[in-house]
Amino acid sequence: MATLLDGAALAGEIKAQVAAEIKKAGINPGLAVVIVGENPASRIYVDYKKKDCAECGIRSEEFALSAEAGEDALLACIAALNRRADIHGILVQQPLPAGYDERKVLQAISPDKDVDAFHPVNVGRIVSGDYAFLPCTPAGVLALLDHYGINPKGRHCVVVGRSDIVGKPQAMLLLHRDATVTICHSKTLDLGHFTRQADILVAAVGKENLITADMVKPGAVVIDVAMNKNAAGKLCGDVDFPAVEPIASYITPVPGGVGPMTRAILMRNTLEATQNAASVL
Ligand code: GUN
């Protein structure tokens, strides 16, 4: 039986540390959460992020735009937030509705307030290893590995998924930790050939039961980043958990694994953005 990587518990510890640091420093961090349109999953994520802020002593302000508001209105909203000294972090929940140029929107956020680390300047810093902000989900995965004493150095890490939000930055962070990294994606031929070689397998695709037991090396560490809903409406990841759990050494549950870690790193990034702003005053 695998050991469960308890992201909910570790996220609680990280948030408590962030809350204690904010209190001790007597600072007043502010996070702007921008949501466009009516995506139900985005609404849930945004509500969770606001709740995390409240727990940590971070002011959150929500800016909800209708899908029809248009890109110019969104860019104007971001420009105003960039100028506000009492807002230290800005996040625009993804995905944006059709008709919005996601790249253009992300580039409009001041890199100093880009607590998601999606701006090209911050992406470049992730590639070079000179981080300003750590990307939330990949950094959350590393924090989880560290907490359980799992060192990726020299290990074969296989990342399934090449999104800008998870797959690509996850591969980079693991590379910076001296892992040997393989990135697989929807066009990979014979996915199992690669996943079976993984000492650490990170699944970040968004497809229920993509990773079955025959695709996992016995004793592997299995990290499931995905958040899907199955036919019964229950949350599940990409990994066939009941079949894979008996052969893995460590595995993340869904929910309660990577998700809470992503949000905990967002809180830490917002604290850092506030400290950075104070240091340049
Ligand atoms: N959509 C899915 N994950 C994320 C995330 O980490 N940040 C933002 N802004 N949108 C997302």
Side-chain angles (χ1 to χ4, degrees), residues 7 11 14-15 30-53 58 60-65 67 74-75 77-78 81-82 87-98 100-111 113-120 122-123 126 131-144 159 161-173 202-207 223-229 235 237-238 252 254-255 257-270 272-273:
I14 293 170
K15 286 190 287 182
L31 176 67
V33 182
V34 183
I35 179 168
V36 186
E38 305 288 331
N39 182 321
S42 290
R43 169 44 62 198
I44 293 170
Y45 293 142
V46 161
D47 287 347
Y48 271 131
K49 289 172 185 178
K50 285 160 55 184
K51 188 169 152 279
D52 288 327
C53 283
I58 294 172
S60 67
E61 284 187 34
E62 179 180 312
F63 297 83
L65 278 69
L74 176 56
L75 293 173
C77 173
I78 293 169
L81 292 169
N82 282 340
I87 290 291
H88 307 92
I90 302 170
L91 82 81
V92 178
Q93 188 64 30
Q94 301 212 24
L96 289 170
Y100 288 79
D101 180 344
E102 224 150 63
R103 286 223 167 103
K104 194 169 166 192
V105 169
L106 295 178
Q107 285 182 29
I109 298 171
S110 163
K113 298 189 179 188
D114 173 35
V115 284
D116 266 327
F118 293 163
H119 188 285
N122 287 322
V123 174
I126 292 163
Y131 313 121
F133 298 113
L134 287 162
C136 299
T137 298
V141 169
L142 278 193
L144 207 45
V159 178
R162 56 174 160 178
S163 68
D164 291 342
I165 294 183
V166 183
K168 287 182 205 167
Q170 185 71 77
M172 272 305 145
L173 294 198
V202 181
V205 172
K207 203 168 167 188
I223 308 286
D224 196 343
V225 177
M227 190 72 86
N228 311 307
K229 255 194 191 159
L235 282 180
D238 288 345
T252 54
V254 177
V258 177
M261 291 299 298
T262 297
R263 297 183 343 246
I265 303 295
L266 176 69
M267 298 299 109
R268 191 187 269 167
N269 283 353
T270 305
E272 261 172 44

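Every number for a ligand or one of its atoms is a count from 1 in the order of the listing. Nothing fancy with the numbering, it's 1 onward along the sequence. Keep in mind that what you see is a predicted model, and the values were worked out from it rather than measured.
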Mark yes or no for whether Glu61, through its side chain, and Gly30, through its backbone, hold a donor-acceptor pair below 3.5 Å. no
Lys113 side chain vs Ile87 backbone, donor-acceptor pair below 3.5 Å: yes
With heavy atoms and a 4.0 Å threshold, my read on which part of Arg263 contacts ligand 1 is neither
Which option out of Val115, Asp116, Val166, Ile265 puts a heavy atom nearest to atom 6 (O) of ligand 1? Asp116
Looking only at heavy atoms, is any part of Leu266 under 4.0 Å from ligand 1, and if so is it the side chain, the backbone, or both, or is it neither? neither
Do other residues, nucleotides or ligands put more than 12 heavy atoms under 6.0 Å from Arg43 CZ? yes
Say whether Thr137, considering both its backbone and side-chain N or O atoms, lies within less than 3.5 Å of an N or O atom on ligand 1. no
Polar contacts were defined as any N/O atom of the residue lying under 3.5 Å from an N/O atom of the ligand; does this apply to Ile165 and ligand 1? no
Run the numbers on Val105 and Val36 for side-chain contact (heavy atoms from CB on, under 4.5 Å), then give the verdict. CA-CA 12 Å; Val105 169; Val36 186; over 6 Å; no
Ranked by distance from atom 11 (C) of ligand 1, the top protein heavy atom is Gln93 NE2, 3.3 Å
In this structure, are over 12 heavy atoms from other groups packed under 6.0 Å from Glu62 atom CD? yes
Is a side-chain N or O of Asn82 found less than 3.5 angstrom from the main chain of Ser110, in a donor-acceptor match? yes
Among all the protein's non-hydrogen atoms, which is closest to atom 10 (N) of ligand 1, and how far away is it? Gln94 N, 3.0 Å
Is Met227 near ligand 1, meaning one of its heavy atoms is under 4.0 Å from it? no
Which of the numbered atoms in ligand 1 are under 4.0 angstrom from any heavy atom belonging to Leu91? 9 (N)
Ligand 1-proximal atoms of Phe118, by part, heavy-atom distance under 4.0 Å: side chain
Salt-bridge contact Asp47-Lys51 (side-chain N to carboxylate O under 4.0 Å): no
